[in-house]
Amino acid sequence: MSRTPFVGQQEYFPGIGQIQYEGPGSDNPLSFKAYDANKVVGGKTMEEHLRFAVCYWHTFCADGADPFGPGTRAHPWHTSDDKMVNARNKLDAAFEFFTKMNVPFYCFHDRDMAPEGNSVAESESNLATLVGLAKERQDATGMKLLWGTANLFSHPRFMNGGATNPNFDVVTYAGAQVKAALDATVALGGQNYVFWGGREGYACLLNTNTAKELDHLGRFLTMARDYGRSIGFKGTFLIEPKPMEPMYHQYDVDSQTVIGFLRQHGLEKDFKLNIEANHATLAGHSSAHDLQMAVDAGMLGSVDANRGNPQNGWDTDQFPMDMYDCVQNMIIVLAAGGLGNGGFNFDAKVRRESTNLEDLFVAHIGGMDAYARALVIADRINSEGKLEAFKASRYSSFTKANGQRFEAGELSLSDLRDMAANGSEPALESGKQEWVESILNDYMFSRCSSKRG
Ligand code: XLS
Ligand code: NI
Ligand code: NI
């Protein structure tokens with residue numbers, strides 16, 4: 001479907017209309033070459049499969065500042081001395097951008113949308129005001145909220161953590177913010193609510209009681225779950241793993257760590273995972289790895305689609321353009337039956353050197369086209385089933401006789417010993433890595449290449 005383009009009192013992206021699909025032959029940088037929202041792939045439209053979301057923070061708040069220098073982009077919605085005026089203008093710019101990109105969803109932190117006030121009550125009221133306006137714009141345009149979240153990492157009070165802060169008084173502030181952010185998410189019909197523990201971790205083990213902090217985190221998440229359910233939140237709570245940055249060590253290290261933590265605290269029925277590609281790579285994994293671990297546990301919730309720089313170890317939040325990564329991620333997401341009420345959120349920012357307003361569009365178009373191409377390729381790979389068949393054949397010894405009994409828990413360690421002693425040396429069976437990798441290339445560059453239109 002196509003959303004009604006929204007333009008508020010001022011047009012913030014003049015000269016740019018709604019981005020259209022023009023196909024692979026187009027040279028127009030402001031058009032989709034692969035993402036055709038209504039195109040059906042494997043029984044669902046591209047829009048239904050990919051459920052793209054634009055994020056508020058990188059796209060409308062970040063101005064290119066880095067630790068070595070100030071911002072390089074002056075936002076035309078950030079011109080007043082009154083923070084609430086800027087917030088209203090930013091909301092208009094955001095809805096103009098969402099609808100011109102024709103994405104179905106967006107995501108935000110409380111503080112992206114509304115400024116912090118001088119008291120808890122004033123912050124709540126600022127947020128409620130902006131949420132009311134966002135609701136009006138959602139109703140007018142058909143835009144939906146993929147997820148909301150609370151920023152528990154920017155304000156100096158959170159320097160030692162939010163829910164895991166050693167000072168209980170700070171934990172109460174974290175609670176106040178999460179409560180208001182849950183209220184906002186419910187008011188806007190948000191389909192998920194995210195926890196990213198930016199400062200839930202430590203800088204130095206010598207001054208940290210990790211057992212207490214982890215216990216507090218479990219308790220805090222349980223309180224948030226209970227409050228959310230009590231106000232009618234029917235969506236999924238998501239944890240977004242990340243091993244470090246800004247802290248040296250963050251508790252939500254990676255998929256498997258978070259899965260264990262959720263199970264330990266009895267939260268596995270309400271919570272799933274929001275996997276960010278660049279966070280997985282920071283943890284020393286591929287993004288496909290963290291996705292697969294989440295799928296295996298039945299806990300894949302949503303994706304923060306981006307990528308890091310392979311030459312350094314930062315969360316550079318670049319737009320996902322690397323087709324190998326996108327294809328491998330899509331193979332896993334499709335095999336799992338899709339993202340359910342999750343989506344692909346572009347937790348990605350344009351580079352400091354990308355200073356034209358148009359670059360925001362070009363970046364999102366590139367990311368959407370990359371995942372649209374990956375969808376087509378992965379659908380073909382999965383439906384033709386070569387990789388899956390080879391995978392199954394590698395485990396075929398478990399489908400019969402003693403292999404089957406092993407899986408059913410009918411054998412003991414002594415049984416294994418006797419079988420080995422009575423059998424002969426197993427034949428070496430090739431894992432054929434080069435063959436499976438070259439299959440990927442065949443699908444990416446010959447089998448699925450579309451004719452120039
Ligand atoms: C930061 C995280 C953050 C979350 C939301 O690295 O990716 O942006 O997605 O708090
Ligand atoms: Ni990130
Ligand atoms: Ni993220």
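When reading the values below, keep in mind they use all heavy atoms of this one structure, side chains included, and skip hydrogens, waters and symmetry mates. Given the structure is predicted, the values throughout are model-derived calculations rather than measurements. Atoms within a ligand are numbered from 1 in the order they appear, just like the ligands themselves. Position 1 is the first residue of the sequence; numbering continues from there.
- Side-chain contact of Gln177 with Asp110: a donor-acceptor pair under 3.5 Å is present, judged by distance alone.
- With a 4.0 Å heavy-atom cut-off, ligand 1 is reached by the side chain of Trp147 but not by its N, CA, C or O.
- Note on Asp317: not counted as a metal contact of the Ni ion (ligand 3), no N/O/S atom lying under 2.8 Å.
- A donor-acceptor contact under 3.5 angstrom links the side chains of Glu240 and Asn274, judged on distance only.
- Contacts of Asp304 with ligand 1, taken as heavy-atom pairs under 4.0 Å, involve the side chain alone.
- At a 4.0 Å cut-off, at least one heavy atom of Asp347 sits close enough to ligand 1 to count as contact.
- Side-chain contact between Arg88 and Leu133 is present, with heavy atoms from C-beta onward closer than 4.5 Å.
- Looking at Lys242, Glu276, Lys349, His109 and measuring to atom 7 (O) of ligand 1, the nearest heavy atom belongs to Glu276.
- Short contacts between ligand 1 and Asp315, defined as distances under 4.0 Å to a heavy atom of the residue, involve ligand atoms 6 (O).
- The closest side-chain donor-acceptor pair between Asp254 and His285 falls under 3.5 angstrom.
- Residue Asp304 approaches the Ni ion (ligand 3) most closely through its N/O/S atom OD2.
- In this model, no donor atom of one side chain and acceptor atom of the other lie less than 3.5 Å apart for Asn160 and Tyr202.
- Looking at Asn441 and Glu437, their side chains never bring a donor and an acceptor atom within 3.5 Å of each other.
- Under a 4.0 angstrom heavy-atom cut-off, His58 registers as lying outside contact with ligand 1.
- Put simply, the residue from Asp252, Asp347, Asp315, Asp304 that forms a salt bridge (charged side-chain N to carboxylate O under 4.0 Å, His left out) with Lys242 is Asp315.
- With the Ni ion (ligand 2) as the vertex, atom OD2 of Asp315 and atom OE2 of Glu276 span an angle of 110° (nearest 10 degrees).
- Comparing Glu240, Glu245, Gln250 against atom 4 (C) of ligand 1, the shortest heavy-atom distance belongs to Glu240.
- Screening Asn345, Thr281, Asn306 for a side-chain hydrogen bond (donor to acceptor under 3.5 Å, both in side chains) with Glu276, the sole residue that qualifies is Asn306.
- Annotation for ligand 1: atoms under 4.0 Å from non-hydrogen atoms of Trp57 are 8 (O), 9 (O).
- The angle that Glu240 OE2 and Asp347 OD2 make at the Ni ion (ligand 3), rounded to 10°, works out to 160°.
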